[in-house]
Amino acid sequence: MNPPANPAAPSGRETAVPGMTDAADAPDAGERRPRPVRHVHRDVATAPFIVIWEATRACPLACLHCRAEARPDRDPGELTTAEAVGLMRQITSFGRSAPLFVITGGDPFERPDLYDLVRRARELGLSPSVSPSATPALTADSLTRLRQAGTNVISLSLDGATAARHDDFRGFGGVFGRTLDAWQRAREAGLKVQINTTVTRTNLMDLPDIARLIRDRGALLWSLFLLVPTGRGRNLTSLTAAETEDVLNFAYDIGAAVPVKATEAHHFRRVAIQRHILHERGADHVAALGLGPLYRSLRRRAVRSGLVRATRTRRPPIDVGAGRGLVFVSHTGEVSPSGFLPLPAGNVRERPLTEIYRASPVFTALRDPDRLTGRCGACEFRTVCGGSRSRAYATGGDVFAEEPWCSYTPGTFPYQDELAGHLGTAAGA
């Protein structure tokens with residue numbers, strides 16, 4: 001390991017910025033300090049925390065980032081209604097405290113049996129969430145019916161703070177307005193709403209404005225998704241590792257004002273631990289972490305919008321990853337560790353999901369941090385982070401390679417003694 005850096009000195013990319021420490025960062029801010037990372041209360045080697053089912057790949061939109069490369073028509077090879085109910089029964093076989101169950105797509109509303117599937121899931125003891133597309137099918141009536149069938153939570157995508165930005169990303173006009181309307185109608189129907197935003201180079205400066213929308217309109221959660229270059233997303237320009245670091249620290253900042261998580265950004269857990277320790281030490285996070293001009297710009301915009309203040313308890317990121325607490329089932333029943341990591345491990349039409357998840361070589365390997373290579377393999381955060389296996393695979397074909405969007409050099413965080421305590425807790429959870 002390299003010797004710890006001097007926390008009082010710039011770390012290469014950016015010096016401390018005057019005025020960047022405020023009430024949300026000061027040790028006496030009065031903000032309650034929960035654990036920086038949450039751990040699921042189950043053995044993720046035997047049962048997942050969340051099961052995501054791609055009910056269909058049919059969708060009338062043409063989103064630039066679409067993992068599924070959705071198409072207008074349904075695949076005749078989709079799981080039938082009876083097979084889908086069988087999948088739900090397999091999910092309940094993981095035992096008490098069933099995994100979270102998300103029905104995604106494509107657009108799940110392209111399946112005429114969606115309401116029946118939600119109802120059956122609820123009858124079997126699952127709590128189904130639905131991730132629809134903002135199409136003409138997403139009406140006040142359809143949202144009410146979804147709630148009556150047994151859904152409590154839906155997720156909607158918002159990839160720009162303006163109609164021009166969002167609609168360009170989604171491939172059709174009018175989607176932004178329809179999304180905002182569905183957001184309001186869903187809340188009126190008694191549904192909780194998660195907002196998903198795919199972070200790209202084109203919408204970086206929209207992030208504070210989207211966060212303000214979420215604060216003002218209300219949402220269960222804001223999920224910032226760091227692009228994995230798969231599906232149509234292969235054509236989008238990637239962020240640099242340094243820019244990613246700036247975005248994740250911005251996300252940490254606004255977590256004091258809006259509930260935020262990061263998807264396919266496992267190093268957000270590292271950032272949360274680092275910022276927690278730096279807060280306790282009263283250290284300047286900009287200097288200690290070497291944050292750059294993108295962070296300064298996002299932070300300024302967030303401060304002007306009143307988003308950087310201790311108005312709520314932060315939501316710690318949860319220690320779950322592809323194959324390690326998360327499992328994905330495709331529209332044809334193929335099982336993989338994640339929708340963004342297309343490594344087939346079996347099919348629920350041929351083997352039980354419980355058996356695939358617990359015993360497949362793909363899944364068992366992903367649960368072994370000793371398989372990681374490069375900087376991820378040498379990193380002290382590997383048991384709680386481990387990097388995005390999906391992004392490593394998509395960019396280089398090696399699922400165990402280092403996370404390409406991480407700039408951290410193992411061993412350089414200045415407070416290794418405090419760090420050891422947090423990682424010891426994580427490793428033993």
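Computed from a predicted structure; not experimentally measured. Both backbone and side-chain heavy atoms feed into the values below; hydrogens, waters and symmetry mates do not.
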I'd like to know if Arg382 pairs up with Glu403 as an ion pair, taking the criterion as any Lys NZ or Arg NE/NH1/NH2 lying under 4.0 Å from an Asp or Glu carboxylate oxygen. no
Which heavy atom of Ala392 sits nearest to which heavy atom of Thr395, and what is that distance? O-OG1, 3.4 Å
Candidates Val175, Thr179, Thr162 - the one meeting side chain to side chain contact (heavy atoms under 4.5 Å, CB included) with Asp167: Val175
Using a strict cut-off of less than 4.0 Å between a Lys/Arg side-chain nitrogen and an Asp/Glu carboxylate oxygen, indicate whether Asp246 and Arg299 qualify as a salt bridge. no
Please find the pair of heavy atoms, one from His166 and one from Ser157, that lie closest to each other, and give the distance. CE1-O, 3.2 Å
Quick check: do Thr56 and Glu78 have side-chain heavy atoms less than 4.5 Å from each other? yes
Any heavy-atom pair between the side chains of Leu291 and Glu245 that's under 4.5 Å? yes
Taking ring-ring contact (aromatic ring centres under 6.0 Å, His included) as the definition, give me every residue that meets it alongside Phe250, ordered by chain and number, with sequence neighbours left out. none
To check you understand the geometry: which heavy-atom pair defines the closest contact between Leu227 and Thr198, and what is its length? CD1-CG2, 4.2 Å
Check: Arg165 side chain, Asp159 main-chain N or O, donor-acceptor pair, under 3.5 Å: no
In Pro337, Cys376, Ser338, the residue satisfying side chain to side chain contact (heavy atoms under 4.5 Å, CB included) with Arg389 is Cys376
Measure the spacing between OG of Ser305 and CZ of Arg300 and express it to the nearest 0.5 Å. 14.0 Å
Tyr408-Glu380 side chain donor-acceptor pair, cut-off 3.5 Å: yes
No-hydrogen, no-angle side-chain donor-acceptor test under 3.5 Å, Ser390 and Glu264: yes
Going by the rule ring-ring contact (aromatic ring centres under 6.0 Å, His included), which residues pair with Tyr393 if we only count those two or more places apart in sequence or in a different chain? none
Determine, for Asp181 against Arg178, whether the closest basic-nitrogen to carboxylate-oxygen distance falls under 4.0 angstrom. no
Evaluate Asn203 against Thr197 for side chain to side chain contact (heavy atoms under 4.5 Å, CB included), listing each step before the verdict. CA-CA 9 Å; Asn203 69 357; Thr197 299; 4.1 Å; yes
Can you measure from CG (Leu221) to CD (Gln194) and round to the nearest 0.5 angstrom? 4.5 Å
Should Arg349 and Glu83 count as an ion pair when the cut-off is N to O under 4.0 Å? yes
Contacts of Val118 that satisfy side chain to side chain contact (heavy atoms under 4.5 Å, CB included) - sequence neighbours left out: Ile103, Leu114, Pro128, Val130, Leu146, Ala149, Thr151
Measuring only between side-chain heavy atoms, which start at C-beta, is Leu224 closer than 4.5 Å to Phe268? no
Heavy-atom closest pair, residues His266 and Gly321: NE2-CA, 3.9 Å
Using side-chain heavy atoms (C-beta onward) and a distance below 4.5 Å, is Phe413 in contact with Leu289? yes
Identify the residue among Val335, Ile356, Ile50, Ile52 that makes a side chain to side chain contact (heavy atoms under 4.5 Å, CB included) with Val327. Val335
Any side-chain donor-acceptor pair under 3.5 Å between Thr200 and Thr202? yes
If you measure from CZ on Phe363 to CG on Leu326, what distance do you get to the nearest 0.5 Å? 8.5 Å
Compare all side-chain heavy atoms of His331 with those of Arg74 and state whether any distance is below 4.5 angstrom. no
Donor-acceptor pair, Arg212 side chain versus Gly306 backbone, under 3.5 Å? no
Nearest 0.5 angstrom please: Thr144 OG1 to Glu188 CD, how far? 9.0 Å
Criterion side chain to side chain contact (heavy atoms under 4.5 Å, CB included) on Asn196 and Ser223, from CA distance to verdict: CA-CA 5 Å; Asn196 302 328; Ser223 177; 3.4 Å; yes
Looking at every heavy atom in both Leu213 and Leu158, which two are closest together, and how far apart are they? CD1-CD2, 4.0 Å
Strictly below 4.0 Å, N to O, side chains only: are Arg324 and Asp319 in salt-bridge contact? yes
If only atom types and distance count, is the side chain of Gln90 paired as donor or acceptor with the main-chain N or O of Leu353 below 3.5 Å? yes
Is it true that a side-chain atom of Arg367 and a backbone atom of Arg358 form a donor plus acceptor pair closer than 3.5 Å? yes
Hey, do the aromatic rings of Tyr252 and His279 have their centres closer than 6.0 Å? no
Tell me if a side-chain donor or acceptor on His267 pairs with a main-chain N or O of Trp405 at a distance below 3.5 Å. yes
Quick check: do Ile273 and Leu423 have side-chain heavy atoms less than 4.5 Å from each other? yes
Which of these, Leu87, Leu79, Thr81, sits in a side chain to side chain contact (heavy atoms under 4.5 Å, CB included) with Leu117? Thr81
Contact check, side chains of Ser131 and Ser155, non-hydrogen atoms, under 4.5 Å: yes
Rounding to 0.5 Å, atoms CZ (Arg351) and OH (Tyr357) come to a distance of 14.5 Å
Determine, step by step, whether Ser133 and Thr135 satisfy the side-chain hydrogen bond (donor to acceptor under 3.5 Å, both in side chains) criterion, reporting the C-alpha distance in whole Å, the side-chain angles of both residues, the deciding distance to 0.1 Å, and the verdict. CA-CA 6 Å; Ser133 300; Thr135 72; over 6 Å; no
Value for CG (Leu207) from CE (Met205), rounded to nearest 0.5 Å, stands at 7.0 Å
Ring-face cation of Arg89 near Phe101 (centre distance under 6.0 Å, axis angle within 45°): no
Taking the cut-offs as 6.0 angstrom to the six-membered ring centre and 45 degrees off its axis, would you call Arg145 and Tyr115 a cation-pi pair? yes
Carefully, step by step, assess Ile277 and Glu280 under the rule side chain to side chain contact (heavy atoms under 4.5 Å, CB included). CA-CA 5 Å; Ile277 293 172; Glu280 297 295 326; 5.7 Å; no
Do Leu226 and Arg391 have side chains that approach each other closer than 4.5 Å (heavy atoms only, starting at C-beta)? yes
Does the side chain to side chain contact (heavy atoms under 4.5 Å, CB included) test come out yes or no for Arg119 and Arg122, once each step is laid out? CA-CA 5 Å; Arg119 190 172 296 109; Arg122 178 63 69 176; 5.8 Å; no
For the residue pair Ala394 and Val228, what are the closest heavy atoms and their distance? CB-CG1, 3.9 Å
